[in-house]
Structures are given as structure tokens and as C-alpha cells.
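Both counts, for ligands and for their atoms, begin at 1 and track the order of listing. Note that these values count all heavy atoms, side chains included, but never hydrogens, waters or copies made by symmetry. Here the structure is a predicted model, which means the values were calculated and not measured.
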Amino acid sequence: MKRKEFIKRMGLGAGAFTLSPLLVSCLDKNSVLNGKFQLPLVLPSELTGSSSTLNASPSNIQIGDLYAQSAFQFNSSIPGPTIRKKRGDTAHIRFENNIGQKSIIHWHGLIVPPEIDGHPKDAISSGAYTYQFSLNQRAGTYWYHPHPHRITGEQVYRGLAGFFIIEDEEEKALNLPSGNYEIPLVIQDRRISETGQIIYNPSMPERMMTGFLGDTILVNGVPSPYHDVEPGVYRLRILNGSNARIYNLAFQNDLSFRVIGTDGGLLPEVIETNELLMAPGERADILVDFSEVAESNIQLISKPFDVPSGSGMMGMQNMMGGSGPDQGTGFTLMKFNIGETTHQDPFDLPQQLTPASFPDESSADRTREIRLAMKMMNGHTINGRQFEMERVDESVEQGSTEIWEFINTSNVPHPMHVHAVQFKVLGRSGTRGLTPTEAGWKDTVLVMPKEIVRVIMKFDAQKGMYVFHCHNLEHEDNGMMANLEIV
Ligand code: C2O
Ligand code: CU
Ligand code: CU
């Protein structure tokens with residue numbers, strides 16, 4: 001946030017709210033950290049081998065060389081190690097919980113049996129939980145994170161999240177950039193105190209409206225990093241791993257890039273664009289050709305975007321104890337320094353990627369309305385109710401195809417996520433239309449204020465209890481989650 005803007009905003013509401021000391025310190029920190037590109041990007045380590053352990057523990061770590069923070073980590077790394085598997089493999093993963101809070105891991109986007117899915121009722125206070133499951137789904141960029149009720153937001157925020165990448169033959173045949181030319185990037189915003197503590201203390205208005213927005217944007221745990229690349233074609237697997245912040249991904253000078261995949265793997269065909277809206281939980285698989293850049297470097301940025309009709313209230317966040325740029329503000333994320341020569345073999349991208357096999361609207365067995373609303377001073381609701389561990393909210397027949405209509409009656413955005421399926425977005429009310437990633441298989445879809453978004457999905461997962469919820473983690477933790485039973 002610029003100082004001028006800040007003063008202007010204070011002028012609007014100074015009578016009603018007090019200025020928090022945190023806000024003042026964050027202004028200065030912003031100017032030090034954001035947009036400096038002094039630190040190299042860190043690439044997450046990879047967990048290979050047929051069985052692995054994810055050990056969650058509290059630790060103090062350095063973020064770049066700028067500050068230490070009190071964090072939670074998987075296997076002492078932020079982000080957690082990337083799990084890379086082939087379709088058809090079996091995963092054996094032991095989760096060890098040493099963080100001193102209840103926790104359980106959810107494999108976001110993977111379709112697994114109910115006891116593997118990380119339902120909040122399976123959370124353990126300590127000890128280990130053993131997962132064994134086979135990977136019978138499309139190649140794609142999935143991820144894992146904790147899912148205990150009411151504290152998912154805090155645990156993800158303190159560092160518990162990592163990539164889960166599945167590869168398959170169909171994707172391999174396309175010969176996409178790999179090795180050094182394939183880069184996973186998780187984008188997260190954080191608030192960090194002067195003394196180096198991660199701050200996670202959402203105020204009531206933050207729980208009720210914006211969610212917890214940070215003032216420092218991290219890419220793979222590093223504030224404003226740089227990365228050295230060759231003038232060639234790179235595959236960027238991007239995850240919005242933030243609790244609440246939405247990014248409108250773009251490159252400087254509107255360099256166009258190609259969207260090739262999203263939550264559930266590759267799109268039917270390549271879509272060229274120069275900006276891409278990504279809500280918390282969503283993934284984008286893109287190709288960017290750095291040989292098209294005339295300069296010796298280029299920034300990955302988040303361009304300003306509109307938050308329809310809720311924007312009046314969103315602008316209030318800083319008056320209510322929050323800090324950092326408002327939802328919809330633009331800023332830089334990282335910088336790519338482009339070298340002189342490339343070792344990459346000439347690369348030809350087919351326009352067609354994987355054949356579309358989405359269910360047809362006419363095949364739907366029924367349509368369900370899913371109403372998203374705010375309960376005055378008390379969190380968020382789905383169809384009028386807040387989460388209860390044992391109550392079945394939606395019961396769906398195994399093998400059936402359903403259309404769900406997410407109806408956002410509130411004035412804040414809700415990225416809606418359904419476990420145990422990948423769906424296709426059929427349409428969205430209003431003028432926004434579908435984004436390029438919505439041409440593919442999705443498990444998370446952004447429903448802006450007053451929008452109605454229709455999706456279609458077939459429930460082929462094993463019978464049992466799963467959840468669906470808003471992936472704004474403050475909303476989720478404050479009740480915006482429901483049980484989905486496949487019967
Ligand atoms: Cu990524 Cu139920 O969440
Ligand atoms: Cu999930
Ligand atoms: Cu929400």
C-alpha cells in the first residue's frame with residue numbers, strides 16, 4: 001500500500017477506528033520487502049520412494065535472510081516437500097503430528113476413500129496417522145494441507161502445505177517442459193511482526209468478511225524472490241496457497257502466456273491469455289516463453305481486479321485491524337532474470353492437450369442449490385447452517401451426476417471447494433464469464449459476491465463422509481463447511 005493511499009483511507013474513517021501499531025510497522029516493512037527481488041527463489045525438495053513420512057512440527061526458521069519466524073513445518077521445510085507420483089502408483093504416507101494441536105492431512109484434489117480424505121473428525125492430537133491409497137486419477141498439480149475443524153487456517157498459515165504432483169503417460173506424450181524447465185510456485189501472503197513472529201490473529205471483521213490478508217507476499221516461502229531462467233519455454237505450476245487472498249496473475253507488459261492445466265490436470269486445449277484470476281486453493285499450469293521478452297528480466301505480478309459489489313466493505317479491512325493491500329490491489333510477486341542462452345531443445349506445443357470428457361448437462365440426475373450467506377456477527381453459512389461434525393448436510397448417490405448451483409448472497413467472495421470429485425464449471429451469472437482455467441477439471445471455483453456459479457460433477461468416489469467448504473480458510477474455520485455423504 002502506498003503511504004498516500006493509506007492516509008487518504010485513514011481520512012475516511014479516522015473518527016471511528018483506532019490506528020493499530022502493527023499497521024504502522026507494516027508500512028515500513030512493505031517498502032523493505034516488497035518488490036526488491038534480493039532473495040533467490042527456493043524450490044521445494046521432493047519426496048520420492050514408495051513410502052514416506054510427513055512429520056509436522058513447530059520450528060523457528062529463516063524466511064530468506066530477512067527474518068526468523070515461529071512456524072509449523074512438514075519435514076523441516078517451507079513449503080512442505082513435493083510428493084511426486086505416477087498414476088497407478090500406491091502412496092504410503094505416514095503423518096506424524098508433533099505440533100501440539102489436533103491435525104489431519106487432506107489431499108486436495110485427489111479422489112481417495114473417506115478415511116484417507118482428512119475429514120476433520122479424523123484429526124489426531126499426537127502420534128501418527130497412516131495413509132495408503134492408490135492414485136487412479138489424471139496427471140495434475142494437487143496439494144496437501146491440514147484439515148482440523150476451526151484451526152485449518154492457522155496451520156496452513158504457519159506453513160503446513162505442499163504440492164502433490166501426479167504424472168501419467170498421456171501427459172508425458174506431450175513432451176512438456178520438465179526438469180529445470182518445470183517450476184512449482186506456491187503463492188501465499190503473510191503478516192510477520194518486527195520480532196519475526198508469524199502473526200495470525202484474525203479479528204472478528206476479518207473472520208466475517210475479508211479473511212486474513214497479509215502484507216508480505218511469499219513465493220515458495222520467500223518474499224519477492226528472483227529466479228534465473230534461460231530464454232526458453234517454462235512450465236509453471238502455480239498454487240494459490242493463501243488463506244484468503246485472490247491473485248490476478250500476469251506478467252509485466254502484459255506478456256501473454258498459455259494456460260495448459262488447472263486443478264484436475266490438463267485442459268482440452270491450450271488457452272492463451274495475459275491475466276488469470278486465482279482464488280485460494282486453485283491451481284494453474286501455464287507455459288511462458290521467456291525468449292519472447294525483449295528485456296533481461298520480467299516480473300510476475302498480480303494485477304488489480306474488481307471485487308464486485310462487495311468492494312465497499314472490502315476497503316474497510318485496514319480500518320478494522322488488518323494490514324497489507326486490500327483484496328483486488330495490484331503488486332509484484334517475483335522476478336525472472338533471463339539469461340543469454342538456452343539449452344532447451346526446440347519445443348513445439350500441440351494446441352490439443354487431452355480430449356474433453358466432461359459430463360453433459362442433460363445427463364444430470366438432479367440440481368442442488370447451495371446458498372452461501374453470512375450469519376450476522378457469527379460466521380458464514382451454507383444453506384443456512386454452520387458445520388457440525390456428525391450431521392449429514394448433503395447426501396448424494398454414488399455414481400450419480402449432479403449440477404450444483406453455488407448462490408452467493410453475501411458481499412464477499414467465496415472460493416467453493418468440493419472433496420471427492422473434480423467438476424466442470426457450466427456457467428456463471430453476470431458478465432464475468434469463465435476464466436481460462438475453468439475450461440478444465442476443477443475442484444475449487446470462485447463465486448464472487450452476488451454471483452451464481454453452476455458446476456456439474458459425477459460422484460464416483462467410495463461411499464462415506466466427505467466435506468465441501470469455502471476455501472477462504474477463515475470462512476471455513478468459522479463454519480462455512482458442510483458434510484457430503486456419498487451413499
Ligand atoms: Cu484444500 Cu477441504 O481443502
Ligand atoms: Cu480438498
Ligand atoms: Cu467464503
Answer yes or no on whether R158 is positioned over the face of Y200, meaning its NZ or CZ is under 6.0 Å from the six-membered ring centre and within 45° of the axis.
no
Give the atom name of whichever N/O/S atom in H147 sits closest to atom 2 (Cu) of ligand 1.
NE2
Between F387 and H149, is the ring centroid distance below 6.0 Å?
yes
Please determine if atom 1 (Cu) of ligand 1 has an N/O/S atom from H417 lying under 2.8 Å away.
no
Answer yes if the ring centres of Y131 and Y129 are under 6.0 angstrom apart, and no otherwise.
yes
Would you name the N/O/S atom of H108 that lies closest to atom 1 (Cu) of ligand 1?
ND1
Would you say H106 reaches atom 2 (Cu) of ligand 1 with an N/O/S atom under 2.8 Å?
no
Minimum-distance N/O/S atom that H145 presents toward atom 1 (Cu) of ligand 1
NE2
At the Cu ion (ligand 2), what's the angle from H106 NE2 to H417 NE2, rounded to 10 degrees?
160°
Report yes if the distance between the aromatic ring centroids of W107 and F133 is under 6.0 Å, otherwise no.
yes
Should the pair H417 and H469 be assigned to parallel (<30°), tilted (30 to 60°) or perpendicular (>60°) ring geometry?
perpendicular
